Amino acid sequence: MERFLEWLGSTPWSVALLESTLAWPLIESSHVLAVALFFGTVMMNDLRLLGWTMRRVPVSEVTGRLLPWTRIGFTIMVVTGLLIFYSNPVRYYHNIFFRLKVILFVVAGLNAFLFHRGIHRRVMEWERLPVLPGRARAAGAISLAAWALIIVAGRLIAYNWFDCDIPGQPGWVNWAAGCPVAGD
Amino acid sequence: MGGRQFAPEAWLPFFERLETTAIGTAVRESIWAFPIIEAVHLLGLGLLGGAVLLADLRLLGTGLTRQPIANVVRHARPWLLAGVALMFLTGIPLFLSEAVKCYYNTSFWVKMISLPVALAFTFAARRWVAVAAPARANWRTRLIAAISLGLWFTVAAAGRWIGFSA
């Protein structure tokens, strides 16, 4: 893994991306602005599941009409996110906030998967109830929390507080960051 | 610091004064404060973006088209207000911590000009159109939504660019 990422980071396009004065900020800005599109529409959907907004609008209508926009935002975030990772793979791989973000992706993904495979299949039966089933509300709450934490973790990737070359860090930090052990 | 100067020279002492305020100093001297407040500022961007999009998409004739325009705009309003409040609450301490850098930063001034325009447009023009909205989106509601999206995009893009431009 380490050697693959080192190779990836040494490819000409990766070096050019990292050193560019315009491309990198533009890609990073697109990534951040897509938060408004992706998280904005996800949040409105989650708030509906929680029963905090648009209570009289059926859930399937909110989801169905907002999902295309969520997908566009998601696509922009994935493409720009992969490019940002490609610009400096080794650094991100050993960044604990990046690692936390990846774990949270799994949580958010699993939550969405279980929701759509589970209670959402019978959405027509409960979408007009004054209080939605606990499982639907829980899915909304977990989604909201997971994506919010992903954004916070994502923002903190920018800081090198726990980089592997910082001396005297607690063992668990070096473990969590997957730092190469001296002598390896 | 860039060299180019956007704001009048006479304003500089005021910005220097802002940077030495208790909040500005506290945020600047803490390792965690700026990044954490910045992260919450980003969450506010999501909330504000969601609320702006919900209403503007409807005005464009997409999004929640089965609901009357006035209803969608009304539903979005509390979240719009919450988003704006969260952005101000986090944005002001961020600004205070680096007021002098902002003074020399062209992106900052682009944001400071586009932000009041976007706020005024949203809470005056768009609201006025939305309250008396027709059942279906027409050229007028579409124009209002396009201007709103353009203004908020400018505010957000200029905001992100503050951190990139020296």
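Please read these numbers as outputs of a predicted model, since none were measured by experiment. Naming convention: chains lettered A, B, ... in sequence-line order (proteins, then strands); numbering from 1 in each chain. Computation of the quantities below employed the complete heavy-atom set of this structure, encompassing side-chain atoms and omitting hydrogens, waters and symmetry-equivalent molecules.
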Peer 1: Could you check whether atom CZ of Phe74(A) has more than 12 heavy atoms from other residues, nucleotides or ligands sitting under 6.0 Å from it?
Peer 2: no
Peer 1: Leu45(B) versus chain A, heavy atoms under 4.5 Å apart: side chain, backbone, both or neither?
Peer 2: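 Both backbone and side chain.
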Peer 1: Quick check on the hydrophobic clustering: are Leu132(A) and Val123(A) connected, directly or via other members, by side-chain heavy-atom contacts under 4.5 Å?
Peer 2: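 Yes, Leu132(A) and Val123(A) fall within the same hydrophobic cluster.
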Peer 1: With only heavy atoms counted, which part of Met54(A) is less than 4.5 Å from chain B, the side chain, the backbone, both or neither?
Peer 2: both
Peer 1: Which atom pairs, donor and acceptor, lie under 3.5 Å between side-chain atoms of residues 104-119 of chain A and protein residues at least two apart or in another chain?
Peer 2:
| from | atom 1 | to | atom 2 | distance (Å) |
| --- | --- | --- | --- | --- |
| Asn111(A) | ND2 | Ala139(A) | O | 3.0 |
| His116(A) | ND1 | His120(A) | ND1 | 3.4 |

Peer 1: What are the two closest non-hydrogen atoms of Leu33(A) and Ala156(B), and how far apart are they?
Peer 2: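 Closest approach of Leu33(A) to Ala156(B): CD2-CB, 3.3 Å.
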Peer 1: If hydrophobic clusters are built from ILVMFWY residues whose side chains come within less than 4.5 Å, do Ile113(B) and Leu119(B) share one?
Peer 2: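 Both belong to a single hydrophobic cluster.
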Peer 1: Identify which part of Ala51(B) has an atom lying under 4.5 Å from any heavy atom of chain A, answering side chain, backbone, both or neither.
Peer 2: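 For Ala51(B), backbone and side chain are both near chain A.
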Peer 1: Would a single hydrophobic cluster contain both Val32(A) and Phe34(B), if residues Ile, Leu, Val, Met, Phe, Trp and Tyr are joined by side-chain heavy-atom contacts under 4.5 Å?
Peer 2: yes
Peer 1: Does a sphere of radius 6.0 Å around CZ in Phe14(B) hold more than 12 heavy atoms from other residues, nucleotides or ligands, not counting ones at 6.0 Å or beyond?
Peer 2: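 Incorrect, the count does not exceed 12.
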Peer 1: State whether the number of non-hydrogen atoms from other residues, nucleotides or ligands found under 6.0 Å of Phe153(B) atom CZ is greater than 12.
Peer 2: no
Peer 1: Between atom CE of Met44(A) and atom CG of Leu57(B), what is the distance when rounded to the nearest 0.5 Å?
Peer 2: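 Atom-to-atom, Met44(A):CE and Leu57(B):CG are 11.0 Å apart.
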Peer 1: Heavy-atom distance under 4.5 Å to chain B: side chain of Leu47(A), backbone, both or neither?
Peer 2: side chain
Peer 1: Suppose we count any N or O donor within 3.5 Å of an acceptor, strictly below that value; which pairs fall between chain A and chain B?
Peer 2:
| from | atom 1 | to | atom 2 | distance (Å) |
| --- | --- | --- | --- | --- |
| Glu28(A) | OE2 | Arg160(B) | NH1 | 2.8 |
| Thr53(A) | OG1 | Trp79(B) | NE1 | 3.4 |
| Glu61(A) | OE1 | Gln67(B) | NE2 | 3.2 |
| Glu61(A) | OE2 | Gln67(B) | NE2 | 3.1 |
| Arg65(A) | NE | Gly63(B) | O | 2.4 |
| Arg65(A) | NH2 | Gly63(B) | O | 3.2 |
| Arg65(A) | NH2 | Thr65(B) | OG1 | 3.1 |

Peer 1: According to a 4.5 Å side-chain heavy-atom criterion applied to Ile, Leu, Val, Met, Phe, Trp and Tyr, with indirect links allowed, do Phe4(A) and Leu83(A) form part of one hydrophobic cluster?
Peer 2: yes
Peer 1: Spell out, yes or no, whether Leu86(B) and Phe88(B) are grouped together once hydrophobic residues are joined by side-chain heavy atoms under 4.5 Å, including indirect joins.
Peer 2: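 No; tracing contacts between hydrophobic side chains, which count when under 4.5 Å, never links both residues.
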Peer 1: Tell me if the CZ atom of Arg135(A) is crowded by more than 12 foreign heavy atoms within 6.0 Å.
Peer 2: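 Counting other residues, nucleotides and ligands, CZ of Arg135(A) stays at 12 neighbours or fewer.
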Peer 1: Which is it for Ile36(B) and Leu156(A) under the side-chain contact (heavy atoms from CB on, under 4.5 Å) test, yes or no, and what are the steps along the way?
Peer 2: CA-CA 8 Å; Ile36(B) 295 293; Leu156(A) 296 183; 4.3 Å; yes
Peer 1: With a cut-off of 6.0 Å (strictly less than), are more than 12 heavy atoms of other residues, nucleotides or ligands near CD1 of Ile23(B)?
Peer 2: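 No, the 6.0 Å shell around CD1 holds no more than 12 heavy atoms from other groups.
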Peer 1: Given that the side chain runs from C-beta out, which part of Ile31(B) has a heavy atom under 4.5 Å from chain A: side chain, backbone, both or neither?
Peer 2: both
Peer 1: Roughly how far apart are Leu53(B) CG and Leu66(A) CG, rounded to 0.5 Å?
Peer 2: 9.0 Å
Peer 1: Check whether Leu42(B) gets within reach of chain A through its side chain, its backbone, both or neither, counting any heavy atom under 4.5 Å.
Peer 2: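 For Leu42(B), heavy atoms of backbone and side chain both lie under 4.5 Å from chain A.
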Peer 1: Below 4.5 Å, heavy-atom pairs only: which of Leu64(B), Leu48(B), Val72(B) has the largest tally toward chain A?
Peer 2: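 Heavy-atom pairs under 4.5 Å are most numerous for Leu64(B).
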